[in-house]
*Asks:* 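Quick one: the structure is below, and I'll ask about it shortly.
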Amino acid sequence: MKTVDHFIQVHDLVKTYADGAQLVTAVDQVNLSIDDGEFVTIMGQSGSGKSTLLSMLGALMRPTTGKVLVDSMDLYSLGKEQLADFRSEYIGFIFQSFQLIPYLTVLENVKLPMAVTILKKKTRQDMAMAVIDRVGLADKHDRLPDQLSGGEQERVAVARAIVNRPPLILADEPTGNLDSDTAAQIMALLESLNRDGHTIVVVTHNPETEAYASRNIRVKDGRVAV
Amino acid sequence: MKLYNICLGNIKRRKTRMLFLALGLIIGIGTVVTLLSITESMSRDIEERLDQFGANIVMAPRMENLSLNYGGIDVGGVNYEVRELDQASLSRIHTIENAKNLGVIAPKILGPVTIMDKTLLLMGVVFEEELALKPWWQKTGAFPGADNELLLGSAAASLLNASPGSTLVMKEQSFKVSGVLDPTGGSEDNAVIAGLAPAQKILGKQGKISLVEISAFCRGCPITELTLQIAEKFPNAKVTAMKQAVMSKMQSIELFKSFSLGVSALVITIGALLVMVTMMGSVNQRTREIGIFRAIGFRQGHVMQIILLEALLLGIFGGLAGFVLGNGVARIIIPLTLEAGRFAGINWQLGGICLLLSAALSLLASLYPAFKAASLDPNLALRAL
């Protein structure tokens, strides 16, 4: 396997949208790199393009121009299904507002990313229970999401993101809907995952989360602020 | 956790929503089952009525020569010997393989008789059987109830100037005219109709039969097969199927069945469209979920599998529930709408077809919504978050 200097490399990334007759540039000529094992926050105001940038890092949105390389793979040279496989293998998403499947229990939600893997039933069960235990919800594994508090739902979202042991965790405003104590717990959880070797990229507008990161990237008007 | 667990979780914990989704199928299949059950009961009813309406098989002694007769006009010119069948042998007819399909068996003796210096056709019949075979007979007076009573055809009554209550003498034996038939346009208009035994005695043909008219219930048995079976038992008889009567029965029933199938096809088409619309609505509502599935690494094929598996399960459920509902409604409706109608019973073969049809329909109607769901751009779906 080819050795690379950086785990993630972004080259001249541009994303433009058509907003009616107007062309909006959400991400404008972004170049950045993130090393394996880093904990990075991408800070910026609402509409600065940080979530768009995260979507492109997570193989969810094709850029207008430019390249995203993860583990030396040029993501957007891949087809749709290959990108799905990439997301399954490489990325754990933590979405804003938890985004759990309402009709599945905690355990089933956490097992969800493993539904498309070839792992054995017993392995899946053990892996899911291990991460549920890690986020402190072992006694609530059979509850439905609406039977949990906001902080607990966020922890389920974290458990779901890490269950497949992805090298990269992308989090979009993970503390946006939480009180400050619960937010601190979630950030501490992400910090411990980072210590375990996961590369973590968190998009946030909360300055308090900066303290947990090894590096902060600021985005303004679609550009990385120097 | 497998893809089917997602479907099962969705169905298990969103029962009302799923029931609403399956409603189109349940109503569609239920309507078709009700319609087909009513059709089945109606066609049975019609068949039974038609079967009882006139003979469809005639058994007569085998002749060496053909009579020159058409439409009741005898042109004569050919001598032929008159043969009769043995009355005692008639019981053999009940030994044929399809004996259960035999309905009315009406034996007759025919011969000339002189009354008041006039020669008429004497027809000896078993009145009970004859009246069952010819429910269209209308009369003035009454049907004979005793051996010394007889019935006159309308033309015969005019010729003899007789009416109910008159007394006629045949071979020195007195008979009371119990009734006179209204004109039928058939051979009986010219006949003097008496009981079988007295007629045999008058004609000097005790224990003999000229002709047997048979009404067979044709459901599930081809009439030609029945005639062959009867002919086998009576080698000296000529057994003829009156195909015209059979064909008209079958045509009436087939016409009715075609109409019913046409309506069923229409209902099914509407049901399929309803399922498609509800599935499209369901997919639109689930955009958020589909976005999450795609974001965490589900392929397009996985999303399609989830939607189609749910459609299959809904189809099976809809088929079963529709079948139960349809039979229930048919059981209630048939006695209310059909005179003397009765529920034909649960048709399990139809049940199997309904199940397959419902599952196939649900899958077919969900194909486009599933494709649409699978093709959702994960990022656009996430924007709906």
Side-chain angles (χ1 to χ4, degrees), chain A residues 15 17 51-52 54-56 58-63 79-105 107-119 121 124-125 127-128 144-146 157 160-161 163-164 166 170 172-173, chain B residues 1-22 282-311 313-314 370-385:
Chain A
K15 182 69 188 179
Y17 295 109
S51 289
T52 306
L54 190 79
S55 293
M56 288 190 284
L60 285 173
M61 184 192 284
R62 283 187 187 274
K80 281 182 183 176
E81 299 295 67
Q82 287 169 310
L83 280 178
D85 293 344
F86 168 81
R87 288 193 292 269
S88 171
E89 198 178 332
Y90 272 82
I91 297 176
F93 277 105
I94 302 169
F95 304 106
Q96 200 172 3
S97 308
F98 329 126
Q99 305 307 345
L100 303 176
I101 305 295
Y103 51 82
L104 298 180
T105 62
L107 179 62
E108 288 166 341
N109 261 292
V110 171
K111 281 180 173 177
L112 206 56
M114 295 193 286
V116 294
T117 63
I118 53 163
L119 294 170
K121 190 178 175 183
R124 284 195 198 119
Q125 180 75 10
M127 284 168 73
L144 289 171
D146 62 5
R160 183 179 64 188
V163 72
N164 264 351
L170 301 177
D172 190 2
E173 303 279 10
Chain B
M1 189 73 176
K2 284 283 184 187
L3 294 177
Y4 63 80
N5 294 113
I6 300 169
C7 304
L8 293 177
N10 190 20
I11 291 170
K12 199 166 89 183
R13 300 191 182 107
R14 287 176 165 177
K15 291 189 186 79
T16 315
R17 193 167 159 276
M18 289 296 144
L19 192 68
F20 180 73
L21 267 179
S282 167
V283 165
N284 287 336
Q285 280 177 355
R286 296 177 71 181
T287 303
R288 188 179 73 91
E289 282 169 41
I290 293 162
I292 296 167
F293 291 148
R294 295 283 283 132
I296 62 176
F298 282 33
R299 286 177 160 218
Q300 289 183 327
H302 296 135
V303 175
M304 274 196 88
Q305 275 181 54
I306 293 170
I307 306 278
L308 291 179
L309 189 58
E310 269 181 28
L313 293 174
L314 279 183
F371 177 74
K372 190 170 170 270
S375 308
L376 269 178
D377 183 334
N379 187 58
L380 286 179
L382 281 167
R383 265 203 237 165
L385 296 178

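All values below were derived from every heavy atom in this structure, side-chain atoms included, with hydrogens, water molecules and symmetry-related copies excluded. All chains are named by letter (A, B, ...) in the order of the sequence lines, taking the proteins before the strands, and each is independently numbered beginning at 1.
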*Asks:* With only heavy atoms counted, which part of Arg160(A) is less than 4.5 Å from chain B, the side chain, the backbone, both or neither?
*Replies:*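 Contact with chain B is through the side chain of Arg160(A) alone.
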
*Asks:* Given heavy-atom pairs under 4.5 angstrom as the criterion, report whether the side chain, backbone, both or neither of Leu119(A) touches chain B.
*Replies:*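 Neither; nothing under 4.5 Å.
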
*Asks:* Measure the spacing between CG of Leu60(A) and CD1 of Ile91(A) and express it to the nearest 0.5 Å.
*Replies:*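 The distance works out to 7.0 Å.
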
*Asks:* Using a strict 4.0 Å threshold on nitrogen-to-oxygen distance, state whether Glu310(B) and Arg14(B) make a salt bridge.
*Replies:*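 No salt bridge links Glu310(B) with Arg14(B).
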
*Asks:* Just checking, any donor-acceptor pair under 3.5 angstrom between side chains of Arg17(B) and Ser282(B)?
*Replies:*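 There is such a pair (donor and acceptor under 3.5 Å, judged by atom type) between the side chains of Arg17(B) and Ser282(B).
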
*Asks:* Heavy-atom cut-off 4.5 Å, strictly under: side chain, backbone, both or neither for Tyr4(B) against chain A?
*Replies:*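 Neither part.
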
*Asks:* Is a donor on one side and an acceptor on the other found under 3.5 Å between the side chain of Arg87(A) and the backbone of Ala59(A)?
*Replies:*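 Between the backbone of Ala59(A) and the side chain of Arg87(A) there is a qualifying donor-acceptor contact (under 3.5 Å).
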
*Asks:* What's the spacing between Gln99(A) CD and Ile292(B) CD1 if we round to 0.5 Å?
*Replies:*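 Rounded to the nearest 0.5 Å, the CD-CD1 separation comes out at 5.0 Å.
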
*Asks:* Between Ser51(A) and chain B, with a heavy-atom cut-off of 4.5 Å, which part of the residue counts as in contact: side chain, backbone, both or neither?
*Replies:*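 For Ser51(A), there is no contact with chain B at all, as no heavy atom is under 4.5 Å.
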
*Asks:* Chain B heavy atoms under 4.5 Å from Leu104(A): which part of the residue, side chain, backbone, both or neither?
*Replies:*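 Contact with chain B is through both the backbone and side chain of Leu104(A).
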
